[in-house]
Every structure is written in structure tokens, then in C-alpha cells.
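So the structure is just underneath, and the comments pick up after that.
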Amino acid sequence: MSSHIESERLANSLAELDQLTNWERRPRGDMRVDLEPMRDLARRLGDPQNSFRIVHVAGTKGKGSTCALIEAGLARAGFSVGRYASPHVMHIAERVSIDGRPVGEERLADALGAALSAFKDARREATAGQGATWFDILTVSALLIFRSERVEWAVLETGLGGRWDSTNIVQSDVAVITNIDLEHTEMLGKTRAAIAFEKAGIIKRGATVVTLLPEADEAGAVVSARAAELGCAVRRPTVPADATIEQRNVALAGTVLDVLGKMGVMTKGASAMAQPLGEQLLDPSTIATARLPGRLEKIAVNTSHGDNTKVNVVLDGAHVPFNLAAVLSDLSQEEKYRAPCIAVMSIADDKDAAGLLSAMTRHDISIIFTTVGARSRSPEQLKTIADTLGLLSIVMLDPLEAYQEALAGATESGAWVLVTGSLYLVGIIRAA
């Protein structure tokens with residue numbers, strides 16, 4: 001799936017890692033419920049998570065972009081920052097960034113080697129670490145890299161849920177819960193309140209909680225209750241009802257920086273007077289540096305016509321109905337995305353296909369269904385659902401052929417192209 005790994009050491013470590021339980025690839029429905037394997041590994045490696053300060057981010061959507069904005073704000077304030085993210089779009093190294101850049105393959109290989117060696121020790125001594133998963137080993141490797149690179153701040157995105165997520169062995173200064181919607185219900189719970197309970201598991205005594213969830217909301221109430229139990233203040237940025245996804249993420253990240261400023265965290269740097277951190281750090285150029293691949297990524301693609309015709313293409317890995325609806329609504333505010341759209345789409349087996357496709361019925365969209373591997377829902381099944389919803393669609397099994405077909409159709413008709421439904425699909429098309 002990833003683009004080519006050049007380092008032989010990294011390829012070997014990943015091959016070894018792939019033999020462990022990988023929840024990202026497991027049939028959903030079973031999830032471990034303790035952090036002891038992760039704690040054991042971290043202990044064996046000298047608890048690297050205690051070497052820097054932490055902002056910890058959970059939520060259904062917007063985690064990755066919010067983390068990137070917080071990272072960009074801290075970097076602009078003069079700090080050395082690490083960011084841990086998932087999943088990756090093109091290359092596994094995207095999951096671990098230092099000062100805004102993915103870590104090099106050899107650095108990642110070193111850290112994975114150390115983490116795998118701690119895992120083997122745990123197996124030999126039959127301690128809790130022998131139960132470590134793929135994501136545990138990757139997470140502890142990221143923490144090791146942050147320690148050896150001497151970052152001052154780390155921004156950690158939870159992988160799944162919060163309470164039992166591998167990242168949850170940390171003590172954070174700020175715990176962010178972006179929003180809550182129904183996703184991974186087999187593991188996290190069937191209601192927004194149940195899912196909020198899992199995500200609120202990242203809140204620790206002494207942290208400040210930042211969330212967009214209103215207090216009156218069923219999920220927001222759960223977050224407030226957990227914060228109150230632990231004596232944590234809750235900060236809620238105010239955003240207009242029609243705010244775009246990016247405006248919401250910027251409001252969250254700005255509030256995190258404000259909270260840190262109020263905690264006495266000051267900007268660093270030789271040139272100017274130190275001042276408290278705050279949302280003013282997120283100026284337009286800082287926001288622009290924080291944009292992630294495959295999240296509302298807009299490009300103009302030259303077509304084969306040779307007459308400078310360009311097709312507007314948007315790459316967005318939205319795979320939850322409310323997120324796709326928000327993406328389409330944000331785009332429809334721009335003139336060039338009001339034209340008809342041709343979507344190239346793949347949807348994983350465990351996602352709400354009918355919900356995703358229903359979100360598309362409010363817009364002028366025809367779809368080319370494709371597939372990106374074993375976890376993709378069959379494109380023929382997707383076409384059947386689309387037919388019942390009155391959406392025009394065709395099936396092309398090869399994702400690159402589907403994309404070329406969409407570009408050709410868009411060139412003919414003046415449409416724009418949306419690649420969506422799966423970050424893996426976005427990764428394949430970006431690589432091409």
C-alpha cells in the first residue's frame with residue numbers, strides 16, 4: 001500500500017512488525033482492553049513519553065488536521081515539536097514528524113529496532129509487553145524518536161477511541177476532543193455518548209480539556225462529566241454554525257494555543273520579546289503549512305488535450321457520512337466546485353456505504369466505483385446501493401483507470417473530480 005520503502009532495515013523491521021496484531025487491519029469487533037503491554041514496553045525503554053510536554057487529541061474527525069495546526073503553531077512559537085499521526089496516505093514515515101517533516105527511514109528503522117527488541121525481551125520474560133500490538137510498537141517507536149530528537153512538545157493523535165488507545169499512557173497538558181460521531185461502533189459503542197466515554201479516556205488530572213462539543217449535547221455532557229470528575233477545566237471555542245471544516249479545526253488549535261499561553265507557556269526565539277502563546281500564532285501562512293495530504297487537498301490537473309485545459313481535482317479521504325457531507329458543503333461554497341462532479345470512490349467493508357452515498361444525493365455527482373484491496377466493499381454492491389438512491393454510477397476495478405476515466409469525462413463535460421471514501425484510494429492516486 002505505501003509507496004516504496006528504500007531502507008532495507010526499515011523494510012525488515014516492518015515485515016517483522018506485520019506479524020503482530022494490527023487493529024487497523026483486523027476484522028472489527030474485538031479490541032484489547034488494557035494498556036499494560038504498552039506500559040511494559042515504555043518502561044523497558046526508559047519511559048520516553050516523560051521527556052517532553054504533550055497535547056493529546058481524540059475525536060471522530062478532524063484529529064489529523066487539528067494536530068497539524070497545533071504543531072504548526074508551536075513551531076512558529078519557536079519550539080521543537082514532534083507529531084504522531086495515523087493512518088498514513090503515502091508512506092509510513094508520515095506518521096512521525098519532527099518540526100513539520102516526516103522522519104527519515106533510517107531513524108524510523110532505529111526506533112522500531114529498539115521497540116522490537118524490547119518486545120522480544122518481554123516475550124522471553126513473559127511480561128505484559130508480550131501482548132503488544134503493531135500499533136503499540138509503532139507508538140512507542142514514535143515516543144523514542146521524540147526523546148532522541150529532544151522535542152519540547154509532542155502532539156499525539158489517538159489511533160482508535162482513547163481510553164485503551166496505545167497513546168494513552170501519556171500525561172498531557174491539554175486533551176482535545178474534536179467531535180463525536182458514530183464510527184467503529186462495534187468497538188467503541190453504539191451511541192455518541194458511549195463513544196464519547198471512550199474518547200474522554202484521554203483526559204487526565206491536571207490537563208485542560210478543549211472541545212467543540214456543546215455542553216448540552218449528549219456526547220459533550222459525557223466529556224464535561226469526566227472533566228469535572230478529574231477537576232479539569234473545559235474550554236469550548238465558539239464557531240459559527242456554518243463554519244467550514246478548516247475554520248473549526250483552526251478554532252480548536254487556536255484555543256489549545258490560548259490555553260497553553262494562560263498556563264504560562266511563552267514564545268521562544270532570539271528576535272522578539274517572549275509573549276504568551278495564543279491563537280495569533282495561526283496566521284494564514286502558518287495555517288497553509290499545516291495542510292495535510294488527502295484532507296480537502298485541491299489540485300488542478302493538466303489534461304491530455306494539450307490546450308492548457310485543467311481539471312479541478314479534490315482529494316479527500318472522508319469515510320464517515322457527516323464528514324463527506326461537510327466536505328461537499330464546504331466545496332459548494334466555491335464557484336469552481338458548483339459544476340457537476342465525477343467522483344472516484346472506494347469504501348471499506350466496515351464503513352456506512354449507504355450513509356456516504358446518501359450524502360452525495362444532495363449534489364450533482366456521478367460516481368466511478370473502484371477497489372483498493374481486501375477490505376474494500378465490492379464496487380458492484382456499491383453500484384446497487386447507488387442505483388436505489390438514484391445516483392448515476394459505473395464500476396472500474398482498477399483505481400488508476402477509474403481516475404483516468406474521471407479526468408477524461410471531466411475534460412469533456414467541464415466537471416470537476418473528487419477522489420474520496422478511503423485514504424488508501426487517495427494515497428494510490430496521489431502516488432500516480
Side-chain angles (χ1 to χ4, degrees), residues 27-29 60-61 179-192 195 245 294-296 311-333 337-429:
R28 303 300 196 177
T60 305
K61 275 284 136 316
N179 50 35
I180 303 282
D181 206 70
L182 297 176
E183 192 187 19
H184 302 308
T185 49
E186 327 71 83
M187 287 189 284
L188 300 179
K190 298 279 186 268
T191 62
R192 288 178 64 253
I195 293 174
I245 298 168
R295 320 300 207 284
L296 262 177
V311 172
N312 289 310
V313 177
V314 177
L315 303 169
D316 191 283
H319 51 254
V320 179
F322 93 98
N323 199 48
L324 181 57
V327 164
L328 291 169
S329 143
D330 281 9
L331 289 169
S332 67
Q333 294 177 31
Y337 304 115
R338 290 197 186 125
C341 166
I342 302 174
V344 180
M345 195 168 194
S346 154
I347 303 177
D349 259 338
D350 61 339
K351 302 293 178 234
D352 175 7
L356 283 163
L357 295 175
S358 297
M360 299 173 100
T361 56
R362 289 172 223 127
H363 304 266
D364 185 357
I365 301 181
S366 51
I367 307 171
I368 305 175
F369 290 115
T370 189
T371 176
V372 287
R375 271 183 62 197
S376 295
R377 182 108 175 231
S378 116
E380 287 80 7
Q381 282 181 8
L382 295 175
K383 182 172 178 9
T384 308
I385 301 171
D387 290 348
T388 62
L389 291 167
L391 286 164
L392 284 176
S393 67
I394 60 170
V395 167
M396 292 187 83
L397 293 179
D398 180 304
L400 295 179
E401 282 173 21
Y403 177 58
Q404 288 307 329
E405 177 68 24
L407 289 178
T411 308
E412 291 305 319
S413 65
W416 60 282
V417 171
L418 172 67
V419 178
T420 192
S422 145
L423 270 172
Y424 287 102
L425 173 63
V426 165
I428 288 170
I429 285 171

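When a residue number appears, it is its place in the shown sequence, counting from 1.
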Thr420/Leu356 under side chain to side chain contact (heavy atoms under 4.5 Å, CB included): CA gap, chis, key distance, verdict: CA-CA 10 Å; Thr420 192; Leu356 283 163; over 6 Å; no
Residues forming a side chain to side chain donor-acceptor pair (under 3.5 Å) with Arg338, sequence neighbours excluded: Glu335
Nearest non-hydrogen partners of Ala318 and Asn323, listed with the distance: CB-ND2, 3.5 Å
Interatomic distance, Ser378 atom OG to Asp349 atom CG [nearest 0.5 angstrom]: 9.0 Å
Side chain proximity check, Ile429 to Leu400, heavy atoms < 4.5 angstrom: yes
Heavy-atom check, side chain of Arg295 versus side chain of Leu423, under 4.5 Å: yes
Residues forming a ring-ring contact (aromatic ring centres under 6.0 Å, His included) with Tyr337, sequence neighbours excluded: Trp416
OG1-CZ distance between Thr60 and Phe322, expressed to the nearest 0.5 angstrom: 5.5 Å
Spacing of Ile385 atom CD1 and Lys383 atom NZ [to the nearest 0.5 Å]: 12.0 Å
Heavy atoms of other groups near Leu389 CG, more than 12 under 6.0 Å: yes
For Pro399 against Val372, the heavy-atom pair lying closest together: CG-CG1, 4.3 Å
Thr370 OG1 to Ile347 CD1 distance, which is reported to the nearest 0.5 Å: 12.0 Å
Shortest non-hydrogen contact between Ile367 and Met360, atoms and distance: CD1-SD, 3.8 Å
Inter-residue atom distance Asp316.CG - Leu425.CG, 0.5 Å rounding: 11.5 Å
Heavy-atom side-chain proximity of Leu296 to Leu331 below 4.5 angstrom: yes
Residue pair Ile368 / Ala406: nearest heavy atoms and the distance that separates them: CD1-N, 3.7 Å
Closest non-hydrogen atom pair between Val320 and Lys61, with its separation: CG2-NZ, 3.8 Å
Test item: Met345 and Leu324 side chains (from C-beta on) under 4.5 Å apart, heavy atoms: yes
Under 3.5 Å: donor-acceptor pair, side chain of Thr361, backbone of Leu357: no
For the student: nearest non-hydrogen atoms of Val426 and Leu315, plus distance: CG1-CB, 4.0 Å
Separation of Arg375 CZ from Ser346 OG (nearest 0.5 Å): 10.5 Å
